[in-house]
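Input: a single structure, listed below in structure tokens.
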Amino acid sequence: WAVYPAAQLLSLAEQELLGRMGTLQAWHRAAAIEAALPYDEPPAWYLPVANRLGEALAESGLLEEAEEVYRHSLRRLPKNGWAILGLWQLCVRRWPKNSTCHELHRNFSKAWRHADVSLKNSAEVQGLQGPKPAPSSFLWLPWSSSTQAMLPWLFVASSLALLVWIWRPKRSCACYHRLEGE
């Protein structure tokens, strides 16, 4: 946080909130503020504003401008799955039978193959994908069933050991008496 002025981040948050309320100018201002932030890893703003600006432009019917936003994002980050998805969705919307759309889909599939979420569009996560942890596994650790069967007994045994230690007879030590002045 020391790298980024708080005023810039608060202004970015304000503009993004206004953009989410439907103001295209706010999305443009948010993108400009984000572009002015110094480079850092991880980035100061968790999700690039350009993806959501492109989606807002596409929803408003400004398809050429949305395409330019996505292409600019891809010049900066060539394997940005969010921007590739936005560009692919634009392509399908504008030219459904174009071979470029199929190439964009392949590029998105390749860029997103290890992702743990699925996307609704370039601005929204649709949900988790992939295997979910089994509800019976303790803390989702890959323990064997015999180890899992022992867990209740281990809990009982460790609880009893803790109680014995807490209720143990307190023995006085000469060193404590010396420290207390006795």
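These numbers were taken from a predicted model, which means no experiment stands behind them.
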Side chain Asn98, main chain Cys101, donor-acceptor under 3.5 Å: no
Linked, directly or transitively: Trp112 and Leu90 (ILVMFWY side chains, under 4.5 Å): yes
Residues forming a side chain to side chain donor-acceptor pair (under 3.5 Å) with Arg93, sequence neighbours excluded: none
Check: Arg52 and Glu124 side chains under 4.5 Å, non-hydrogen atoms: no
Pairwise distance NZ(Lys120) to OG(Ser118) - rounded to 0.5 angstrom: 11.0 Å
Pair Gln89-His105, side-chain donor/acceptor within less than 3.5 Å: no
Gap separating the CG atom of Leu37 from the CG atom of Leu9, nearest 0.5 angstrom: 6.0 Å
Could you go through residues 75-84 and list every donor-acceptor pair under 3.5 Å that involves a side-chain atom there, pairing it with any protein atom two or more places apart or in another chain?
residue : atom : partner : partner atom : Å
Arg75   : NH2  : Glu68   : OE2          : 2.9
Asn80   : OD1  : Trp82   : N            : 3.0
Asn80   : OD1  : Ala83   : N            : 3.4
Asn80   : ND2  : Ser73   : OG           : 3.2

Set of side-chain contact (heavy atoms from CB on, under 4.5 Å) partners for Val69, sequence neighbours left out: Ala50, Leu53, Leu57
Expected output: side-chain Tyr70 to main-chain Glu65 donor-acceptor under 3.5 Å: no
Within one Ile-Leu-Val-Met-Phe-Trp-Tyr cluster: Trp88 and Val117, side-chain cutoff 4.5 Å: yes
CD on Glu55 to CG on Asn121, rounded to 0.5 Å: 3.5 Å
Gap separating the CG atom of Leu104 from the CG atom of Leu87, nearest 0.5 angstrom: 5.0 Å
Within-4.5 Å side-chain heavy-atom neighbours: Trp27 and Gln15: no
Side-chain donor-acceptor contact under 3.5 Å, Glu16 with Trp45: yes
Atom pair CD/CD1 of Glu14 and Ile33 - distance to nearest 0.5 Å: 8.0 Å
Main-chain N/O of Gly19 paired with Thr23 side-chain donor or acceptor, under 3.5 Å: no
Under 3.5 Å: donor-acceptor pair, side chain of Arg94, backbone of Cys91: no
From OG (Ser122) to CZ (Phe108), nearest 0.5 Å: 10.5 Å
